[in-house]
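Written below as structure tokens is the structure these notes are about.
In what follows, residues are counted from 1 in the order of the sequence shown.
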Amino acid sequence: MSNRCLYTATFAEFLNQSPLTVLGALHNNYHGDSLTTTDEAWMGEITLMQQVLEPWKDEVGQIVFEYDIPRLGKRIDVVLLLRGMIFCLEFKVGKKEEFQAGIEQVMDYALDLKNFHLFSHDRKIVPILVPTRYKEYTTVFQPSVYNDDIYNPMITGEEHLQELIARVLEHAGAERSEEVIDNWLISPYAPTPTIIEAARTLFEKHSVEDITRHEADKVSTDRTINYILDVIQQSKEQRQKSICFVTGVPGAGKTLVGLDVAIKQTYKDGELDKENGAVYLSGNGPLVAVLTEALARDNQKKCSAKGEKKNMTDSRREVSEFIQIIHRYRDNMLAKIKNPVENGVVEIDPEKAVRLEATGYGEVEHVAIFDEAQRSWTHKRIADYLKRGGTYGNKLKVPNFPMSEAEFLIWSLDQREDWAVIICLVGGGQEINTGEAGITEWINALNNRFKHWNVFISNKLTEPEYAEGRVNDLLQENDKVTYSDELHLAVSLRSFRAETLSAFIHSLLSFAPDAASLYQDVKQKGYPIVLTRDMEQARAWLRKQARGSQQTGVLVTKVAARFKPLAVHILGQGDENAVHWFLEDKTDIRSSNYLEDAATEIQVQGLELDYACVLWDADMRCEDGC
């Protein structure tokens, strides 16, 4: 069974099994606790598909239930591979109306396969929405206006699904064939040149700067970017593996540097260089969601100004070519390994992965940029996570996983047989949470297992806030290390004030004797700090301070409990909530500027406000004479 789906079989195998056997297989491969409604939906789909596929029982065909599109975090209800064509089916079991959202959903699946799924690039793809009680069905078949071999979305109830599939095959001229789409199920993730070229416009004029609110001057960021690009070029020419550690305090522009490298590595002198691309990876869900939405909206405005029409979903898809959640990258590599792991050795399983001439068993990108690399997981945390199958028990289970997350990410890039570069963006002045490894795990992995990798490291990484000041000791036996101040982002005056503020807060909470003098320093530099127990007074102060497009917001810690009496609601955990909080204007009640919804430190990491009200609850109190 592939790790990419919950069930797959030839048509003949599927039709010869009882519905309960197929349902049992789905359950066995789904590691979570499925709901009764899920069981009912699955059983409905199984029973229906066994009736629908009867005319093709003797043909070479494959059915796939719950297929995960590589690295995109999307799952298709049912895929049919028949006569060289790909049918994507999205079911709405028990529904009798058509839904625009469902039509858009199944069309998105088709576009994602076309744009990111290597073995679907040159295939006809047919998206079909199936509200099972719907009485009508599509009778006019039209290929997409984009001439990309994708049919316009179709809709049918269960009564006419078989007829619809037959008529589409006839319309496409797809005659009976013994052809099988080889390795479709384990197809590599591979963006098409078209999607990459389209994504380029998203970053014109660095619209991301307004979101990340970096404070470093352009000279500093350009110097760092150029140094990284030189390392990449050198690694390519000499067919080597290299890793760069970039430091900078919050607000110094690390996110912008990472995105800039991803774009400039993919475009050389204005021309697309699809063979040497890069991807920006972050474990910060809210940050990825906000960046993606902001860039997509910006692209909409650009297209509108040019008189062009573009769907938001297309813009979001283009952003996702460059900006992705690190866990999906990791999970895509995990799907390729032998499982369970034996003798503590992680190996590629040739039956679960396709070896390509250019990439070997590695991913398509030569360059991977890991934001907040110090937050990669310890061996214990990732091993426990994989042992139980994720946080909620619905992910791939890998017992006895032997690596830390940092080591596995290096291993993943090391699978490339030519060259590769990792860029680790390392934030300073931040607490390391339980289960986060800090920078030590990266260095240990390089010292112990990846000694052939060149290490380029910021000279600031030797300071106490990184790996407890042990970086020099850890690297003293490594003869492939190069230190450079080009890999540290200098900061402007405003961020310098923020650095002083950070030191003051640290001293204040530690009851350090220098807190008073640090506060005077902050005050002299013009950073305003006021204290109040009156929430309305706090809101009034924030509104008075903010001018023009400056953004305000209320912040709380994730363990804060009760602010309802102050008319403060804790922002929900979904990434879409963070998107609204950061991006809606002052007239929208979901906006941070409305000063009703308070975001946690998890939701604002990597994104900044101009003026903030920080609330604390019983999670911040002095006890036992501390």
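- A donor-acceptor pair shorter than 3.5 Å can be found between the side chains of His117 and Tyr67.
- A salt bridge (charged side-chain N to carboxylate O under 4.0 Å, His left out) with Glu363 holds for exactly one of Lys336, Arg330, Arg416; it is Lys336.
- No side-chain heavy atom of Ile323 sits less than 4.5 Å from a side-chain heavy atom of Ser282.
- There is a side-chain donor-acceptor pair under 3.5 Å between Gln105 and Lys92.
- At a cut-off of 3.5 Å, with distance as the only test, a side-chain donor of Gln374 or Glu372 sits close to an acceptor on the other residue.
- Under a 4.0 Å N-O distance rule, the pair Asp384/Arg388 does not qualify as a salt bridge.
- Not one N or O on the side chain of Asn28 forms a donor-acceptor pair closer than 3.5 Å with the backbone of Gly24.
- In terms of heavy atoms, Ile337 sits closest to Val341 at CD1-CG2, 4.3 Å.
- Closest approach of Ile125 to Cys88, counting heavy atoms only: CG2-SG, 4.0 Å.
- Applying the side chain to side chain contact (heavy atoms under 4.5 Å, CB included) test between Ile423 and each of Ile243, Leu281, Ile369, Leu487 identifies Ile369 as the sole match.
- Inspection of the His452 and Asp414 side chains reveals an N or O donor paired with an N or O acceptor under 3.5 Å.
- Side-chain atoms of Leu291 and Val319, non-hydrogen and from C-beta on, never get closer than 4.5 Å to each other.
- Between the side chain of Thr21 and the main chain of Gln17, no donor-acceptor pair closer than 3.5 Å is present.
- A salt bridge links Glu417 with Arg355: the distance from a Lys NZ or Arg NE/NH1/NH2 to an Asp or Glu carboxylate oxygen falls below 4.0 Å.
- The nearest pair of heavy atoms linking Trp377 to Glu405 is N-OE1, 2.9 Å.
- The two residues Ala289 and Asp575 make their nearest non-hydrogen contact at CB-CB, 3.7 Å.
- Taking a cutoff of 4.0 Å between a charged side-chain nitrogen and a carboxylate oxygen, Arg297 and Glu293 qualify as a salt bridge.
- In this structure, a donor-acceptor pair under 3.5 Å is absent between the side chains of Arg590 and Asn577.
- Under the 30°/60° scheme for interplanar angles, the aromatic rings of His366 and Trp419 are found to lie parallel.
- Looking at Leu489 and Lys254, their side chains come closer than 4.5 Å, going by heavy atoms from C-beta outward.
- Pro70 approaches Ser187 most closely through the heavy-atom pair CG-O, 3.9 Å.
- Of the inter-residue distances, the one linking Phe116 atom CZ with Arg317 atom CZ reads 7.0 Å to the nearest 0.5 angstrom.
- With hydrogens and angles left out, the side-chain atoms of Ser242 and Trp453 include no donor and acceptor closer than 3.5 Å.
- Enclosure of atom CD in Glu357 is not indicated, since only 12 or fewer non-hydrogen atoms of other residues, nucleotides or ligands lie within 6.0 angstrom.
- At least one donor-acceptor pair closer than 3.5 Å links the side chain of Asn284 to the backbone N or O of Leu287.
- Note that CG of Leu26 and CD of Glu45 are 8.5 Å apart. Values are rounded to the nearest 0.5 Å.
- Between Leu6 and Arg75, the closest side-chain pair of non-hydrogen atoms falls below 4.5 Å.
- Residues Tyr189 and Tyr329 keep their aromatic ring centres 6.0 Å or farther apart.
- Between Arg71 and Asp331 there is no salt bridge, since no side-chain N of the basic residue sits under 4.0 Å from a carboxylate O of the acidic one.
- A side-chain donor-acceptor contact under 3.5 Å links Ser120 and Trp184.
- Side-chain atoms of Leu72 and Ser320, non-hydrogen and from C-beta on, do get closer than 4.5 Å to each other.
- Residues Gln62 and Thr8 have side chains that bring a donor and an acceptor to within less than 3.5 angstrom of each other.
- Proximity of Tyr361 to Val354: side-chain heavy atoms (C-beta onward) are nowhere separated by under 4.5 Å.
- If you look at Phe563 and Trp616, their ring centroids are not closer than 6.0 Å.
- Heavy atoms of other residues, nucleotides or ligands lying less than 6.0 angstrom from CG of Asp349 number more than 12.
- Ring-plane geometry between Tyr7 and Phe65 is classed as perpendicular, the angle between the planes exceeding 60 degrees on a 0 to 90 degree scale with a lower cut at 30.
- Considering all non-hydrogen atoms of both residues, Leu23 and Met43 come closest at CD2-CE, 3.6 Å.
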- Task: Test Asn115 against His121 for side-chain hydrogen bond (donor to acceptor under 3.5 Å, both in side chains), laying out the working first.
- Result: CA-CA 7 Å; Asn115 286 310; His121 285 350; over 6 Å; no
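- Checked against the 6.0 Å centroid threshold, Trp42 and Phe91 do not count as a close aromatic pair.
- Counting only distance, with no hydrogens or angles, the side chain of Asn448 and the backbone of Asn444 share a donor-acceptor pair below 3.5 Å.
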